[in-house]
Protein chains: 2
Amino acid sequence: MINLEQLRKIYKFGRDIGVKDAYTLIASAKSVSFKKRDMLIEEGSQKNQIFYIRKGLVRQFCINDKGEEVTFALIPEYHMVVNADVLLFEQPSRFYYEALEPTKVFTMENEKLQSIISANPRLEANRKFALRKILKDAMYRVESLVLLSPEERYKQYLIDHPDMVNRVPDKYIANVLGITPVSLSRIRKRIKNHHKS
Amino acid sequence: MINLEQLRKIYKFGRDIGVKDAYTLIASAKSVSFKKRDMLIEEGSQKNQIFYIRKGLVRQFCINDKGEEVTFALIPEYHMVVNADVLLFEQPSRFYYEALEPTKVFTMENEKLQSIISANPRLEANRKFALRKILKDAMYRVESLVLLSPEERYKQYLIDHPDMVNRVPDKYIANVLGITPVSLSRIRKRIKNHHKS
DNA sequence: GCCAAAAATTAACAAAAGATAATAAAACTA
DNA sequence: TAGTTTTATTATCTTTTGTTAATTTTTGGC
């Protein structure tokens, strides 16, 4: 059972949502737990599912032409997992979504979510809020990739996600920043040395 | 005066919009023309204006710490200009928006746009459509920056924006791709040579 | 068409990044 | 805890990029 305190925390992302509306959503959502290394979404999936991470950490990755895994995003608790391929690009998912930690989510078919929102106009504001958050994150990331050097990008990442570095291997973070693990290791060394002097 | 054919073309971006609704919007929008090098938005602006480019080309750029202009985006006709700083990040614009060609836009205060949409529920679908387009573009760009090398990124850019290369200096495109103009020149040379062999 | 300004290319060098492999450190498991 | 596996670091070498400046090419205005 979920109490009000938890509810408020869960809906941290939805600044404007009321408790009643949150209940409406949660009541219709499936609550699912994933063990470490379980897949939330497989490559090729066409299912239009939306996840909300209550607890845990999800890694979005694809397999490149050399057969290597490339981590594209690290998505922690209080964030949404939306599959852009299915939701926006109307194509099968090119990405896997894997739980890196024991992970608890609420999940719902997008169609169902949309019909619930239609039936509860107050939720519309929340949908807008969630979409804006996703857009903000994407914009912010474009900015850091275009305007910052890899080293600056890593420093900013540490500021923006201070806990992430303790939760996942560096090689995942390297991929997210668009560089190789070897290069990240060198950047870390460089920063350490500059700091000493 | 604007005829129906023009209207359909203008609203290319709004797949689902009806002619009546388009008129509602256009009737309330200001139609503005910019000469080459005019600024649509200045750095520091707090105005929450939305632009729709009917014709022309807009360059979004900022000034970096060395005082150099860095082009962040190139926005051609049939696209929206939204100032993410004001609209999403609630801060003064860090960017300039400059017309690179004689440019005609429709423009409206975001508040006004929102109230018109509230009063015309059919427009809601169009708002969603426009927002999704912006999100798609941002996501696509993140992907190309994270997963592709600069050379691959340039090749993809040529495919996605085949006309852009004839409309703007290469140095702007280099910035958009997150590389220096010198580096882009070398990439172009490399591609030309590989193609020959 | 000529001239001035802007842009693109090239050169030369330094710095950083990619690739691959070897080694060291850490994390996981039996 | 010992042993295995994974991850991080380091080394070596190649490639690419950044930086700065010189040179060539292109563009735009008169």
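Every value quoted in this text rests on a predicted model; they were computed, and no experiment measured them. Convention: sequence-line order gives letters A, B, ...; per-chain numbering from 1.
The CG-P distance, from Leu145(B) to dT17(D), rounds to 14 Å in whole Å. Nucleotide dA8(D) holds its C1' atom 12 Å from the OH atom of Tyr154(A), rounded to whole Å. Rounding to whole angstrom units, CG of residue Asn193(A) and C1' of dA15(C) are separated by 15 Å. Note: CG (Leu100(A)) to C1' (dC28(C)) measures 15 Å, nearest angstrom. The distance from atom CD1 of Ile187(B) to atom C1' of dT9(C) is 14 Å, rounded to the nearest whole Å. The interatomic distance linking Leu184(A) (CG) with dT7(D) (P) rounds to 14 Å, in whole Å. Rounded to whole Å, atom C1' of dT16(D) lies 16 Å from atom CG of Leu148(B). Distance, Glu151(B) CD to dA17(C) C1': 15 Å, rounded to whole Å.
When every heavy atom of Ser33(A) is checked against every heavy atom of Lys104(A), the shortest pair comes out as OG-CG, 3.6 Å. Nearest heavy-atom pair across Leu40(B) and Ala99(B) is CD1-N, 3.8 Å. In terms of heavy atoms, Phe34(A) sits closest to Met39(A) at CE2-O, 3.7 Å.
Listed in residue order, the members of residues 57-65 of chain B having a heavy atom less than 4.0 Å from DNA chain C come to none. Contacts with DNA chain D (heavy atom under 4.0 Å) in residues 157-176 of chain A: Pro169(A), Asp170(A), Lys171(A), listed by number.
Put simply, the side chain of Thr107(A) gets close to the backbone of Ile50(A): a donor and an acceptor are under 3.5 Å apart.
Applying the side chain to side chain donor-acceptor pair (under 3.5 Å) rule to pairs touching residues 34-49 of chain A yields Glu43(A)-Tyr96(A), sequence neighbours excluded. Applying the ring pair (Phe, Tyr, Trp, His ring centres under 6.0 Å) definition to pairs two or more places apart or across chains, those involving residues 161-185 of chain A are Tyr157(A)-His161(A).
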Do any N or O atoms of the protein come closer than 3.5 Å to N or O atoms of nucleotides 19-22 of chain C, and which pairs are they?
| unit_1 | atom_1 | unit_2 | atom_2 | d |
| --- | --- | --- | --- | --- |
| dA19(C) | OP1 | Lys66(A) | NZ | 3.4 |
| dA19(C) | N6 | Arg186(A) | NH1 | 3.4 |

Grab the N/O contacts between the protein and nucleotides 23-30 of chain D below 3.5 Å, and write none if there aren't any.
none

Take Lys133(B) and Asp137(B) through the test salt bridge (Lys or Arg N to Asp or Glu O under 4.0 Å) and record every step on the way to the result. CA-CA 6 Å; Lys133(B) 168 124 184 57; Asp137(B) 291 348; 3.1 Å; yes
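Pro76(B) meets the side chain to side chain contact (heavy atoms under 4.5 Å, CB included) test with Leu57(B), His79(B), Met164(B), Arg167(B); sequence neighbours excluded. Considering only residues two or more places apart in sequence or on other chains, Ser31(A) meets the side chain to side chain contact (heavy atoms under 4.5 Å, CB included) condition with Arg54(A), Phe106(A). Annotation: side chain to side chain contact (heavy atoms under 4.5 Å, CB included) contacts of Glu111(B) (sequence neighbours excluded): none. Residues satisfying the side chain to side chain contact (heavy atoms under 4.5 Å, CB included) criterion with Leu158(A), sequence neighbours excluded, are Tyr154(A), Val165(A).
Taking the side chain as every heavy atom from C-beta outward, Gln60(A) and Val81(A) never approach each other to under 4.5 Å. Inter-residue side-chain proximity for Phe51(A) and Val32(A) is flagged as unmet; no heavy-atom pair is nearer than 4.5 Å. Counting only heavy atoms from C-beta outward, the side chains of Ile191(A) and Ile187(A) approach each other to under 4.5 Å. Using a 4.5 Å heavy-atom cutoff, the side chains of Ile63(B) and Glu69(B) are in contact.
When the side-chain nitrogen and oxygen atoms of Ser185(B) are compared with OP1 and OP2 of dA8(C), none of them lie within a distance under 4.0 Å. Dashed line: the shortest gap from a side-chain N or O of Arg188(A) to OP1 or OP2 of dA8(D) is not under 4.0 Å.
Comparing the end axes of the helix from dG1(C)-dC30(D) to dA30(C)-dT1(D), each fitted to five base pairs by superposing C1' atoms of four pairs onto the next four, gives an inter-axis angle of 60° (nearest 10 degrees).
In terms of position on DNA chain C, the residue among Gly178(A) and Lys189(B) whose nearest nucleotide sits closer to the 5' end is Lys189(B).
Listed nucleotides: dT9(C), dT9(D), dG18(C). Nearest to the side chain of Ile179(A): dG18(C).
Nucleic acid contact class of Pro181(A) (heavy atoms, under 4.0 Å, all strands): none.
A 6.0 Å sphere centred on NZ of Lys30(B) holds no more than 12 heavy atoms belonging to other residues, nucleotides or ligands.
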Taking distance alone, no hydrogens or angles, what donor-acceptor pairs closer than 3.5 Å link side-chain atoms of residues 112-124 of chain B to residues at least two apart or in another chain?
| unit_1 | atom_1 | unit_2 | atom_2 | d |
| --- | --- | --- | --- | --- |
| Lys112(B) | NZ | Ser28(B) | O | 3.0 |
| Gln114(B) | OE1 | Arg127(B) | NH1 | 2.1 |
| Gln114(B) | NE2 | Asn110(B) | OD1 | 2.7 |
| Ser115(B) | OG | Lys112(B) | O | 2.9 |
| Ser118(B) | OG | Gln114(B) | O | 2.9 |
| Asn120(B) | ND2 | Ile116(B) | O | 2.8 |
| Arg122(B) | NE | Asp21(B) | OD1 | 3.4 |
| Arg122(B) | NE | Asp21(B) | OD2 | 2.9 |
| Arg122(B) | NH2 | Asp21(B) | OD1 | 2.7 |
| Glu124(B) | OE1 | Arg127(B) | NH2 | 3.0 |
| Glu124(B) | OE2 | Arg127(B) | NE | 3.0 |

